[in-house]
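Report on the following structure.
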Amino acid sequence: MSFGSSDWTDYHEDLIIPIEGREASLVIREWNLLLGSGADVYYQGPDGKETQIGQAGGGDDGYTPFKNQKYTITFSDDTVSFTWYFGVNDTDGKEIWKSTVIDLPTDGEAAMIPKLSATF
């Protein structure tokens, strides 16, 4: 990001997670813009082509949970589940975690993904 640029979005280093049992990876492209943040989730097939398959919304404080390793990812059959840190509740002081489940695309000859959990 540079001052005076028409694009104020700051993208962080891609997080690349190999998908066991497939010749494919998940690519998490996290960003922040002023005080907002989020992440775009891509499926990268064996040919290297990326297809966006989902998003993870961030808060209004610019915090980047993937960059700060405050998330879990769990693979199960043909889905991937994400849970990420969202912040602290102003009322009771408890941590807020968000989650989503995203369907993985099928590769013509890809093996089914075994049940596997990865926490980073």
Side-chain angles (χ1 to χ4, degrees):
M1 176 173 74
S2 62
F3 184 76
S5 169
S6 61
D7 184 3
W8 290 89
T9 305
D10 187 12
Y11 286 91
H12 302 282
E13 185 175 338
D14 287 352
L15 176 62
I16 300 172
I17 302 166
I19 301 172
E20 190 171 315
R22 292 191 185 196
E23 291 183 31
S25 299
L26 287 181
V27 177
I28 300 173
R29 193 159 290 137
E30 190 171 36
W31 55 268
N32 64 303
L33 172 64
L34 301 175
L35 292 179
S37 64
D40 299 320
V41 181
Y42 296 86
Y43 179 87
Q44 186 178 54
D47 60 359
K49 181 181 175 189
E50 291 180 359
T51 303
Q52 187 172 0
I53 59 171
Q55 294 179 315
D60 61 0
D61 60 359
Y63 183 73
T64 49
F66 294 97
K67 178 182 174 185
N68 289 292
Q69 301 180 352
K70 293 278 282 194
Y71 65 92
T72 62
I73 296 175
T74 304
F75 292 99
S76 177
D77 297 327
D78 58 354
T79 63
V80 59
S81 301
F82 291 89
T83 302
W84 66 95
Y85 179 77
F86 192 74
V88 176
N89 185 310
D90 291 336
T91 306
D92 61 15
K94 292 183 179 178
E95 288 187 346
I96 301 168
W97 289 78
K98 297 238 176 180
S99 62
T100 191
V101 177
I102 300 172
D103 292 330
L104 292 170
T106 57
D107 289 335
E109 300 174 6
M112 292 300 285
I113 300 172
K115 295 204 183 296
L116 147 80
S117 179
T119 302
F120 302 90

ask   = Is there any salt bridge (Lys or Arg N to Asp or Glu O under 4.0 Å) pair reaching into residues 43-52, and which pairs are they, with sequence neighbours excluded?
value = R29-E50
ask   = How many angstroms lie between atom CZ of F66 and atom CD1 of I28, to the nearest 0.5 angstrom?
value = 5.0 Å
ask   = Does any non-hydrogen side-chain atom of K67 lie less than 4.5 Å from one of N32?
value = no
Those residues that, when tested against D103, pass side-chain hydrogen bond (donor to acceptor under 3.5 Å, both in side chains) (two or more places apart) = none
Closest contact, heavy atoms only, S99 versus T83 = CB-OG1, 3.7 Å
inquiry  = Can you list everything that forms a side chain to side chain contact (heavy atoms under 4.5 Å, CB included) with D92? Sequence neighbours excluded, please.
reply    = N89, K94
request  = Name all residues meeting the salt bridge (Lys or Arg N to Asp or Glu O under 4.0 Å) criterion together with D40; count only those two or more places apart in sequence or in a different chain, and write none if there are none.
outcome  = none
request  = Could you give me the CA-CA distance, side-chain angles and deciding distance for F75 and L104, then say whether side-chain contact (heavy atoms from CB on, under 4.5 Å) is met?
outcome  = CA-CA 9 Å; F75 292 99; L104 292 170; 4.2 Å; yes
key: Residue pair P65 / Y71: nearest heavy atoms and the distance that separates them   = O-CD2, 3.8 Å
key: Set of side chain to side chain contact (heavy atoms under 4.5 Å, CB included) partners for I102, sequence neighbours left out   = V41, I53, V80, F82, T100
ask   = Residues in side-chain hydrogen bond (donor to acceptor under 3.5 Å, both in side chains) with E95, at least two apart?
value = W97
task = Please tell me if the side chains of W84 and E30 come closer than 4.5 Å, counting only heavy atoms from C-beta onward.
result = no
task = Starting from V27, walk the hydrophobic network (Ile, Leu, Val, Met, Phe, Trp, Tyr; side-chain heavy atoms closer than 4.5 Å) and list everyone else you reach, by chain and number.
result = I16, Y42
Contact summary for G45 and A24, nearest pair of heavy atoms = CA-CB, 4.2 Å
message = Restricting to side chain to side chain contact (heavy atoms under 4.5 Å, CB included), what partner residues turn up for V101, sequence neighbours left out?
response = T79, S81
task = Might you point out which heavy atoms bring P18 and S25 nearest each other, and give the distance in Å?
result = CA-OG, 3.7 Å
